[in-house]
Amino acid sequence: MARHLITSAIPYINGIKHLGNLIGSQLPADLYARYLRARGHEVLFLCATDEHGTPAELAAAKAGKPVADYCAEMHDVQAEIAKGFGLSFDHFGRSSSPQNHALTQAFAGRLNEVGLIREVTEEQVYSVTDGRFLPDRYIEGTCPNCGFDSARGDQCDNCTKQLDPTDLIEPHSTISGATDLEVRETKHLYLRQSDLRGKLQDWINTKTDWPILTTSIANKWLNDGDGLQDRGITRDLDWGVPVKDGTADWPGMEGKVFYVWFDAPIEYIACAQEWEDAGKGTNWQSWWRTDQGADDVTYTQFMGKDNVPFHTLSFPATIMGADQNWKLVDYIKSFNYLNYDGGQFSTSRGRGVFQDQALDILPADVWRWWLLSHAPESSDAEFTWEAFQTDVNKDLADVLGNFVSRITKFCRSKFSEAVPDGTYGPAEEALIADLTDKVAAYQAHMDAIEVRKAAASLRAIWVAGNEYLQAEAPWSTIKEDEAKAAGQVRLGLNLIQLYGVLSAPFIPTMARTMLDAMGTDEVWPDDVGAALNLLKPGHAFTVPENLFSKITDDQREDWAARFAGTRS
RNA sequence: GGCGCGGUAGCUCAGUUGGUUAGAGCGAACGACUCAUAAUCGUUAGGUCGGGAGUUCAAAUCUCCCCCACGCCA
C-alpha cells in the first residue's frame, strides 16, 4: 500500500465549464484516484475553484453581485456539478480560503527572506472612471498601423501588430467604455525565476518518464529567447490575497493583491489544510512536507496543456525557492484539447456541451466513458454526436449492458434468481487464463495513466464475456447437460461481479448497479480465478434494469441542433 | 514570422531502442447463433504509413527540404 497525492487543475470560478475542461484534468484525475483506492492505496485527491483575478470581478459585476458572494455561489454550483459527474474529491476547496490567504502570504514572505523577490516600478494604464488599473487586453482603441477600430492594448487583431496601450488612438476601457485613461506609475513584486533556471532545468531533465507534451513545453519556456523570465506576482486589484510579507505589512504594496497565478497553485497545499480543518482528515502536512512524512508520497498532477508552464516552472520555482521541504510534483499528466464538431468549444459563444447540460440529458457514466475512452492524450481529440452515439451505444448498451441482461435473464428463466450449482471445465479455465492476462494489461495501463489504452483493455475484458457465452452457448448446453449449463451460467454471473469492480473507476454508477444486483462488495481481483469463484452456488442476485438505454437518432439530432449555437 | 503537437485503412486511433506478409475498435459486406437492450460471435474487404530526397542489408520508425491542420508566442 502506497500513499498517493492527486490534484486536478483547479477550474476558474467565472461560470460553468464545458466538457473539454472536464476531460482535460478532473475526469482523468478522478479515474486514477478511484483506481488507486480500489487497489488499496491511500489516496488524497484534491481540487478547488480558482477564484481571484479580473475575470471574476467582471463576472460578478455583470451578475450584479459582490464578488465574494458571486464566488461563493459559483463554487457551490461547480461543486454540485462535480458531484454529478461522480468526481471523488476528498475535498473541493477554494483559492479564496483563509488557509490559502495565509499560506500565499507566508510563501511570499519566505521568498522575500531568501532574496528571490524584487520590486519593480512600472507604468500602467489607469482608468479613472473604473477606478482601477486596466490589463492591456481590457483596453481598446484604433490601431495606429492599420486604422482598425477595435485593436486591443496588447495587439491589433486585424493587422497582428504588437502594440502598447499607449500606442492606441482614442483608447477606451472595454469594461466601462470610459475614455479618461491615464498612465500612472505602480510598484509590483517580481519573483526571480531566472535565478532558479538551472535548478529547474536540472529537475526537468530528470523527468524522462513524463509525457513529451509536458517536458517540451517546460523546455521551451526555459530556453526560448533569453530563457526563463522573472515574473510579476502582484496586481492592482481589490479581489485577491492582500500582499503581505508573511504576516507583516509590505511597505509600498498597500491595496495590492497577489497575482492569481501565484496563489492558485498554492491552493493545492492550502486545500489539504482545508480538508483537515473541515474534519475530513488529519495531519495534512504528512502529505505536503517531506520533513513531516510526505517522503513516501507520490504526487501526480493532472491538467490541460495550457496549464503546463505554471506547473512545470512557476509553481516549482515557488516550492524550490522557499526551500522548506515542500513536496514537489512527481508526475505531470497533461492533456490536449477536445474539439467540438470540427471546431473549438466556445464558452463565449455557447458552442458545445456544457457540464450542467450534459448531466441534464444523459447519466454521468455515459459522458465519463466516452470522454475517458477518447481522452486527448497524444493530440487534440474530436467530439461529434455521431461518434458519441455509436460509441456509447455499442460499448455500454450492446457489449456491457447486454451482457449483464442476457446472463441474468437466462439464469432467471432457466434456473432461478440465485447462482446455480455447476463446475468449471477446460473452457472456463481457458477464460480465466485469458482474463488474467487481460486484467494484467488493464492494470498496467492504469498504473501508467494511459487512459485510452486502459479503456480499450477494459472493453476487451467485457468482450471476452460475450465471446465465452457465444462459444459455450449455455442455451444449447442446457438441452442435453443441465449441470454443465449451470457451471457456464455461474461463471457468467461471476463475470458481472468482476466487471463491476474493474469498471468502477470509469463508470462508478453502473458498476455500483452491477455489484448491488449481484449482492457483492468491491474486491479487486488480484487473483482472477478466485474472483470468478466469489459468487457461490445458491448466492441470490437480482436482475437489474438495463444499465443504459441507447441514444436514438432523434435524440442525437435534437442535441446536435441544440448545442450548435448560442447558449441562452 | 518563430516555436510546439500532429498528418497511418471510410471514421477514431495503436505502432517500444529502424527488422519477417503495417495493427485495434467503429463503420461495410458475408456467415453463425437466438439467451439478451434487433443485442452477440466469426470471417472478409480496405492503407504505395502527407510529398520528395538521403542514410542503411533493412524505415511508418533516423537526417534534410517541402506541403497541410491545429495550437502557443512575439
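Keep in mind the model is a prediction, meaning the values are calculated, not measured. Order of the sequence lines sets the chain letters (A, B, ...), proteins ahead of strands, with each chain counted from 1.
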Near-parallel close stack of A:Trp475 and B:C35 base (under 5.5 Å, under 30°): yes
Starting the side chain at C-beta, find the nucleotide from [options] nearest to [X].
X: A:Asp391; options: B:U40, B:C13, B:C26; result: B:C26
X: A:Arg406; options: B:U37, B:C41, B:U40; result: B:U40
X: A:Ser476; options: B:U40, B:U34, B:C35; result: B:U34

Considering all heavy atoms of both residues, which atom of [X] and which atom of [Y] are nearest to each other, and what is their separation?
X: A:Asn336; Y: A:Glu377; result: ND2-O, 3.3 Å
X: A:Asp421; Y: A:Ala486; result: O-CB, 3.3 Å
X: A:Tyr12; Y: A:Val260; result: CE1-CG2, 4.5 Å

Heavy atoms only, 4.0 Å cut-off, all strands: where does [X] land among base, sugar-phosphate and nothing?
X: A:Leu547; result: base
X: A:Val463; result: sugar-phosphate
X: A:Phe548; result: base
X: A:Ala387; result: nothing
X: A:Lys414; result: nothing
X: A:Asp398; result: sugar-phosphate

Whole angstrom value for the distance that separates [atom2] of [N] from [atom1] of [X]:
X: A:Tyr468; N: B:A39; atom1: OH; atom2: C1'; value: 19 Å
X: A:Tyr337; N: B:G71; atom1: OH; atom2: C1'; value: 7 Å
X: A:Phe388; N: B:C26; atom1: CZ; atom2: C1'; value: 15 Å
X: A:His445; N: B:C13; atom1: NE2; atom2: P; value: 18 Å
X: A:Glu482; N: B:C35; atom1: CD; atom2: P; value: 16 Å
X: A:Asn466; N: B:A38; atom1: CG; atom2: P; value: 14 Å
X: A:Trp385; N: B:G27; atom1: CH2; atom2: C1'; value: 20 Å
X: A:Phe383; N: B:C70; atom1: CZ; atom2: P; value: 21 Å

Please state the [atom1] separation for the pair [N] and [M] - nearest whole angstrom.
N: B:G7; M: B:C73; atom1: P; value: 24 Å
N: B:A22; M: B:G18; atom1: C1'; value: 14 Å
N: B:U16; M: B:G2; atom1: P; value: 30 Å
N: B:G25; M: B:U61; atom1: C1'; value: 23 Å
N: B:U56; M: B:C62; atom1: C1'; value: 10 Å
N: B:C57; M: B:C65; atom1: C1'; value: 26 Å
N: B:U20; M: B:C49; atom1: P; value: 16 Å
N: B:C13; M: B:G71; atom1: P; value: 16 Å

Could you identify the nucleotide paired to [N], looking across every strand shown and requiring Watson-Crick or G-U wobble geometry with both distances under 3.5 Å?
N: B:A53; result: B:U63
N: B:C5; result: none
N: B:C30; result: B:G42

Polar pair under 3.5 Å, donor/acceptor by atom type, side chain A:Gln470, base B:U40: yes
A:Phe388 and A:Phe383 aromatic ring geometry - parallel, tilted or perpendicular at 30°/60° bounds: tilted
cation_pi(A:Lys550, A:Phe548) dist<6.0 Å, angle<=45: no
Residue among A:Leu400, A:Asp395, A:Leu396 satisfying side-chain contact (heavy atoms from CB on, under 4.5 Å) with A:Arg459: A:Asp395
Under-4.0 Å salt bridge between A:Asp553 and A:Arg556: yes
Test: A:Lys414 and A:Glu482 ion pair at under 4.0 Å: no
Any A:Lys394 side-chain nitrogen or oxygen under 4.0 Å from OP1 or OP2 of B:U40: yes
Phosphate contact (B:A39 OP1 or OP2) by A:Lys550 side-chain N/O below 4.0 Å: yes
Given RNA chain B, 5'-ward residue of the pair A:Arg452 and A:Thr390, judged by closest heavy atom: A:Arg452
First of A:Ile407 and A:Arg459 reached from the 5' end of RNA chain B, by closest nucleotide: A:Arg459
B:G46 glycosidic torsion: syn (within 90° of 0) vs anti: syn
